[in-house]
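All remarks here apply to the structure that follows.
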Amino acid sequence: MADLAAVKARQQGAWSSGDYAVIGTTLQIVGENLCEALDLHAGSRVLDVAAGNGNATLAAARRWCDVTSTDYVPALLEKARARAKAEGLDVTFQTADAEALPFADKSFDAVLSTFGVMFTPDQGKAAAEMLRVLKPGGRIGLANWTPESVIGQLFATLGRHLPPPAGVKSPALWGTRARLSELFEDAAAIETTKRSYTFRYRSPAHWLDIFRTWYGPVHKAFASLPDDAARAALERDILAVINRSNRAEDGTLVMPSDYLEVIVTAR
C-alpha cells in the first residue's frame, strides 16, 4: 500500500514548483463550458476544488454565483485572487485539501473542478468529500483528462521514466466512465460528455519548454532525473507524444486533447 500522505506531500511540492498559472490561464474556456453545462444560476453557492489559478472560479463568479475557491497551493490561489480583483469579482479564497474539505455537510449548490481533483492521491476520499458538502439535488461538475488524451499520455510517459508509487491510481482514470461510476456510486446520476481542448503553441518545442519550465509535475520530473542523458530521453519521448498529436503543418502546434466533462447529481 502506498503512503498516501507522503505522496500528497510530494505532489504538493510538485504543483508548488514552476507556475501552473502560465498554463492554467490558457484553459479558461474549459471552465466557461463547464459552468454552462451545469446551468449555474445567479446566487448559487459554488465551491471550486483544486481550483489552481481560478478558471472555473472566475467562470462561476461571472455568472453572479457566490463562489468559494480552494486549493492546497496558496501561491496559485493568490494568482486567482489577482485575476478576480482585476475583474472586480467577489470571490472567497481559502487554502484547503480536496480530501478533507473544511466545510459543513450539504453546504453548496454546486462543486466544480477543472483538471484539479483528478490528481488527488486518495481518489475515493476526494469524491466522497465533494458529495458530502453538496446539497441534495446539487451537482458536481468536473473536467478530467482521459487516458488517451495528450495529457494522459504525458503522465504515462513520465511514469515510464519515474515510476509512480505502487498502489496509487492513475489520475487519468477520472476520465473514464467506469472509474467515475465507482467513485460516485451513491450519486443519483452521472452524465459524461467527451470534449476536446486544443493546445495552440508556437511549436512542439515551445510547448515542451513552457511545460518543462512552469508545469509542476513535468518541471519536477526533469529535475529528479539523474543526468543529462536521462533528461534527453524523457524529452524525446514527450516530443514523440506531441508530434503524433499535432495537426498543424506550418511548424506551429495545434494539438487537440480529449477530456471528459462530467455532471454528477447528488441524491
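All of these numbers come straight from a predicted model, not from anything done at the bench. Side chains are part of it too, since the values below use all heavy atoms of this structure and drop only hydrogens, waters and symmetry mates.
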Taking a hydrophobic cluster as the set of Ile, Leu, Val, Met, Phe, Trp and Tyr residues connected by side-chain heavy atoms closer than 4.5 Å, whether directly or through intermediates, do Val30 and Val117 fall within one such cluster? yes
Could you check whether any side-chain N or O of Asn246 sits under 3.5 Å from a backbone N or O of Val254, counting only pairs where one atom can act as donor and the other as acceptor? yes
Ring pair (Phe, Tyr, Trp, His ring centres under 6.0 Å) contacts in which one or both residues fall within residues 248-267, not counting sequence neighbours: Phe115-Tyr259
If the condition is salt bridge (Lys or Arg N to Asp or Glu O under 4.0 Å), which residues does Asp227 pass it with, not counting sequence neighbours? none
Using a cut-off of 6.0 Å, state whether more than 12 heavy atoms not belonging to Asp90 lie near its atom CG. no
Would a single hydrophobic cluster contain both Trp214 and Phe211, if residues Ile, Leu, Val, Met, Phe, Trp and Tyr are joined by side-chain heavy-atom contacts under 4.5 Å? yes
In terms of heavy-atom contacts, does CZ of Arg177 have more than 12 from other residues, nucleotides or ligands at under 6.0 Å? yes
I want to know whether Phe119 and Trp15 have ring centres closer than 6.0 Å. yes
Euclidean distance, Ile29 CD1 relative to Leu34 CG, rounded to 0.5 Å: 12.5 Å
With Lys135 via salt bridge (Lys or Arg N to Asp or Glu O under 4.0 Å) - residues at least two apart: Asp109
Return each pair, listed once, that meets salt bridge (charged side-chain N to carboxylate O under 4.0 Å, His left out) where at least one residue sits in residues 254-267; pairs must be two or more places apart or across chains. Lys194-Asp258, Arg195-Glu261
Would a distance-only check, ignoring hydrogens and angles, find a side-chain to backbone donor-acceptor pair under 3.5 Å from Gln123 to Ser170? yes
Run the ring pair (Phe, Tyr, Trp, His ring centres under 6.0 Å) test against His206 and tell me which residues pass, sequence neighbours left out. Tyr201
Pairs meeting criterion salt bridge (charged side-chain N to carboxylate O under 4.0 Å, His left out) with involvement of residues 208-220, two or more places apart: Arg212-Glu235
Hey, does the side chain of Asn144 reach the backbone of Trp174 with a donor-acceptor pair shorter than 3.5 angstrom? yes
For Tyr197, enumerate each residue passing the ring pair (Phe, Tyr, Trp, His ring centres under 6.0 Å) test, keeping only those at least two apart in sequence or located in another chain. Phe199
What pair of heavy atoms forms the shortest contact from Gly24 to Asn53, and how long is it? CA-OD1, 3.6 Å
State, to 0.1 Å, how close Val150 and Ser257 come at their nearest heavy-atom pair, and which atoms those are. N-OG, 3.2 Å
Specify the closest pair of heavy atoms between Ala84 and Val91, including all atoms of both residues, with the distance to one decimal. CB-CG2, 4.3 Å
Taking atom NE2 of His161 and atom CD1 of Ile238, what is their separation to the nearest 0.5 Å? 7.5 Å
Any chance you could measure Leu173, atom CG, to Thr146, atom OG1, to the nearest 0.5 Å? 11.0 Å
When rounded to the nearest 0.5 angstrom, what is the spacing between CG in Leu234 and CG in Leu158? 6.0 Å
Asp237 backbone acceptor or donor facing Arg160 side chain under 3.5 Å: no
With sequence neighbours left out, the residues meeting salt bridge (Lys or Arg N to Asp or Glu O under 4.0 Å) with Asp122 are none
Just by modelled atom types, is the Ala188 backbone N or O under 3.5 Å from a matching donor or acceptor in the Thr265 side chain? no
Search all heavy atoms of Cys65 against all heavy atoms of His41 and return the closest pair with its distance. SG-O, 3.5 Å
Heavy-atom distance under 4.5 Å between the side chains of Pro217 and Phe155, does that happen here? yes
Taken to the nearest 0.5 Å, the spacing of Leu162 CG from Ser224 OG works out to 6.0 Å
Any pair counted as salt bridge (charged side-chain N to carboxylate O under 4.0 Å, His left out), so long as it reaches residues 18-32, sequence neighbours left out: Asp19-Lys79, Glu32-Arg62, Glu32-Arg63
List for me each residue that meets salt bridge (Lys or Arg N to Asp or Glu O under 4.0 Å) alongside Lys106, sequence neighbours excluded, and say none if there are none. none
With a 4.5 Å cut-off on side-chain heavy atoms, are Tyr215 and Tyr20 touching? yes
Is there side-chain contact between Glu129 and Val49, with at least one heavy-atom pair below 4.5 Å? no
Check the hydrophobic clustering (I, L, V, M, F, W, Y; side-chain heavy atoms under 4.5 Å; chains of links allowed) and say if Leu38 and Leu180 are grouped together. no
Check whether any side-chain heavy atom of Asp97 sits under 4.5 Å from a side-chain heavy atom of Lys8, and report yes or no. yes
Are Leu112 and Cys35 close enough that some pair of their side-chain heavy atoms sits under 4.5 Å apart? yes
Side-chain donor/acceptor of Thr70 to backbone N/O of Asp48, under 3.5 Å: yes
Gap between atom OG1 of Thr95 and atom CG of Leu77 - 0.5 Å precision: 5.0 Å
Does any part of the side chain of Leu134, heavy atoms only, come nearer than 4.5 Å to the side chain of Ile140, both counted from C-beta? yes
Measure across Trp145 and Met118 and return the closest heavy-atom pair with its distance rounded to 0.1 Å. N-SD, 3.5 Å
So if you build clusters from Ile, Leu, Val, Met, Phe, Trp, Tyr with side-chain heavy-atom gaps below 4.5 Å, do Val168 and Leu154 land together? no
Could I get the full list of ring pair (Phe, Tyr, Trp, His ring centres under 6.0 Å) partners for Phe184, not counting sequence neighbours? none
Closer than 3.5 angstrom, by distance alone: can the side chain of Arg247 be matched with the main-chain N or O of Pro256 as a donor-acceptor pair? no
Crowding at NZ, Lys169 (>12 non-hydrogen neighbours, <6.0 Å): no
Restricting to ring pair (Phe, Tyr, Trp, His ring centres under 6.0 Å), what partner residues turn up for Phe108, sequence neighbours left out? Phe103
Cluster overlap Ile23 with Phe222, hydrophobic side-chain contacts below 4.5 Å: yes
Residues Arg231 and Leu225: closest non-hydrogen pair is NH1-O, 2.9 Å
Just wondering, do Arg83 and Thr25 contact through their side chains at under 4.5 Å, heavy atoms? yes
